[in-house]
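Numbering of ligands and ligand atoms starts at 1, following listing order.
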Amino acid sequence: MAKIKGALIGCGFFAVNQMHGWQDIANVEMVAICDRDPERFRIVGDQFGVARRYQSAEAMFADGGFDFVDIATTVGSHRALVELAASHAVPAICQKPFAPTLEDAKAMVAAADGAGIPLMIHENFRWQTPILAVKAVLDRGTIGMPFWGRVSFRSGFDVFSGQPYLAKGKRFIIEDLGIHSLDIARFLFGDAHRMTARTARINPDIAGEDVATMLLGHDNGITSIVDVSYASKLPEEPFPQTFVEIDGSTGTLRLGKDYKLTVHGPEGTTESLVAPKLLPWASRPWHNIQESVALIQKHWVERLAARQEPDTSGRDNLQTFALVEAAYLSARRGETVSLVDLLG
Ligand code: NAD
Ligand code: 89Y
């Protein structure tokens, strides 16, 4: 069977995980890579045996010969690169955060729709094994109808050495990490229409906020709290684990440290470990994220082959990105923000 051919744009810190993920999918072959920094495409090209290397995305698209493009650059280039893919009618995956603004993100969805191409945002945290396990418990109905939830990510891990740009942006934790937590909240509790947020900057050496507490009103009546911090100095560093608490009409669920899941329902209490696999190319503590990269990319290939929209399509991710925008707006104004006003 002919392989699906892919191309990668952006050969930086995180793209290496994506290349490993592609290498593990038998019917995918990455045939071209691009980075404006030739040293970056040399390193990735040599590591993964990709001969076609480009410094310009325009030149790579002009040569063509691939069925999809995987955009792993930072946010400032996302809109131009998705529009470039659309102009060549090439299906595209784009890393989070979707875009610098909601207006850009909407334009990207419109460009993809206009070109008739699928667009998936690489929103991988909902693909983490522990989060999938939480969703499975909800779907089984063990705790009944959820009415309250908390998605919590609190850490003091140094993310700045690997991703120095994170220290420089005016926006930090909500746009970079909270975006994943907000997407998890949507995945578990459904879309939300109201947001109230408070932010703080504790680390004096960075430009943006490193703490955020967000209160969400979901369309189905569930209330959730999404709290994120990179300023929390804990006795044991949990990075990059997300903790989840859910109270339902007939029970409760707690996803705690070291992937311990406790479910309490009418039949009693069960405890299980829902730890991610340590893939051969992965390294602790990143393996939870790394496994989710492999899983979301497998999902992309399956949906591409079936000509079906991926779960975290551009259209879907507008809802997550609107929560990010709403959180910044709410924190700035000191008031609750309606998503309806943002999404129209
Ligand atoms: P990085 O700066 O290490 O790498 C980005 C690369 O893209 C650089 O090598 C840069 O030269 C290249 N680049 C930028 N614009 C380009 C353009 N127009 N054409 C060609 N090359 C271009 O960044 P990173 O840390 O790898 O992050 C990349 C993206 O991945 C970010 O959006 C980040 O938020 C995201 N990320 C996602 C996860 C996740 O779990 N989903 C984790 C970490 C980072
Ligand atoms: O960039 C971030 C992400 O998406 O996951 C973790 C991270 O690398 C640092 O916050």
Side-chain angles (χ1 to χ4, degrees), residues 7-21 32-45 53-61 69-85 93-100 105 120-128 131 153-169 171-184 203 206 208-210 212 228-231 238-242 276 282 285-297 312 317 320-321 324:
L8 172 81
I9 307 176
C11 302
F13 170 78
F14 201 69
V16 174
N17 298 312
Q18 294 171 220
M19 288 300 283
H20 276 297
I33 56 173
C34 167
D35 199 296
R36 57 186 176 203
D37 177 352
E39 180 59 9
R40 289 306 318 172
F41 67 57
R42 186 190 63 72
I43 293 170
V44 171
R53 303 169 187 188
Y54 296 84
Q55 213 169 344
S56 131
E58 286 79 4
M60 188 173 82
F61 276 104
V69 65
D70 188 13
I71 299 166
T73 60
T74 41
V75 66
S77 49
H78 288 175
R79 178 171 175 180
L81 292 172
V82 165
E83 288 178 346
L84 185 62
I93 307 171
C94 178
Q95 255 298 351
K96 49 58 66 173
F98 200 152
M120 180 176 87
I121 303 305
H122 187 119
E123 180 42 79
N124 50 321
F125 272 40
R126 62 162 75 180
W127 286 94
Q128 291 175 2
I131 303 302
F153 185 105
R154 313 195 74 80
S155 165
F157 190 80
D158 169 25
V159 286
F160 308 110
S161 51
Q163 297 169 262
Y165 58 90
L166 294 178
K168 297 185 188 125
R171 292 177 163 195
F172 169 39
I173 198 167
I174 300 176
E175 180 187 80
D176 170 64
L177 188 281
I179 196 168
H180 291 305
S181 317
L182 290 166
D183 189 69
I184 290 173
N203 180 346
I206 64 171
E209 84 292 346
D210 52 3
V228 291
S229 165
Y230 269 129
F239 180 88
Q241 296 176 47
T242 297
W286 288 88
H287 62 298
N288 185 25
I289 293 180
Q290 288 165 317
E291 188 199 25
S292 69
V293 167
L295 291 175
I296 196 173
Q297 292 182 179
T312 58
N317 203 255
T320 296
F321 195 73
V324 169

Describe, in one word, how the ring planes of His180 and Phe125 are oriented to each other, choosing from parallel (under 30°), tilted (30 to 60°) and perpendicular (over 60°).
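Taking Phe125 first and then His180, their aromatic rings lie parallel (interplane angle under 30°).
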With atoms numbered from 1 as shown, which atoms in ligand 2 lie under 4.0 angstrom from a non-hydrogen atom of [X]?
| X | value |
| --- | --- |
| Lys96 | 1 (O), 2 (C), 3 (C), 4 (O) |
| Phe125 | 5 (O) |
| Gln163 | 1 (O), 7 (C), 8 (O), 9 (C) |

Applying the ring pair (Phe, Tyr, Trp, His ring centres under 6.0 Å) test to Phe160, which of Phe13, Phe172, Tyr230 qualifies?
Phe172
Side-chain contact, heavy-atom cut-off 4.5 Å: [X] with [Y]?
| X | Y | result |
| --- | --- | --- |
| His122 | Val293 | yes |
| Pro240 | Ser155 | no |
| Leu8 | Cys11 | yes |
| Ile179 | Thr320 | yes |
| Lys96 | Thr312 | no |
| His78 | Phe98 | no |
| Thr242 | Ile131 | yes |

Where on [X] is there a heavy atom closer than 4.0 Å to ligand 2, on the side chain, on the backbone, on both, or on neither?
| X | value |
| --- | --- |
| Val159 | side chain |
| Tyr230 | side chain |
| Phe153 | neither |

Any heavy atom of Trp286 closer to ligand 2 than 4.0 angstrom?
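Yes.
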Between Glu123 and Asn317, does any side-chain donor sit less than 3.5 Å from a side-chain acceptor?
no
Among protein heavy atoms, which lies nearest atom 4 (O) of ligand 2, and at what distance?
His180 NE2, 2.7 Å
What are the distances between nitrogen or oxygen atoms of ligand 1 and protein nitrogen or oxygen atoms, counting only those under 3.5 Å?
residue, atom, partner, partner atom, Å
ligand 1, 3 (O), Phe13, N, 2.9
ligand 1, 9 (O), Asp35, OD1, 3.3
ligand 1, 9 (O), Asp35, OD2, 2.6
ligand 1, 11 (O), Asp35, OD1, 2.6
ligand 1, 15 (N), Arg36, NH1, 3.4
ligand 1, 21 (N), Arg36, N, 3.2
ligand 1, 25 (O), Tyr165, OH, 2.7
ligand 1, 26 (O), Phe13, N, 3.2
ligand 1, 26 (O), Phe14, N, 2.8
ligand 1, 27 (O), Tyr165, OH, 3.1
ligand 1, 32 (O), Thr73, O, 3.3
ligand 1, 32 (O), Lys96, O, 2.8
ligand 1, 34 (O), Lys96, O, 3.2
ligand 1, 34 (O), Lys96, NZ, 2.9
ligand 1, 40 (O), Asn124, OD1, 3.4
ligand 1, 40 (O), Asn124, ND2, 3.1
ligand 1, 41 (N), Gln95, OE1, 3.3
ligand 1, 41 (N), Asn124, OD1, 2.7

Give the single entry among Leu177, Asn17, Asp176 that approaches atom 10 (O) of ligand 2 most closely by any heavy atom.
Asp176
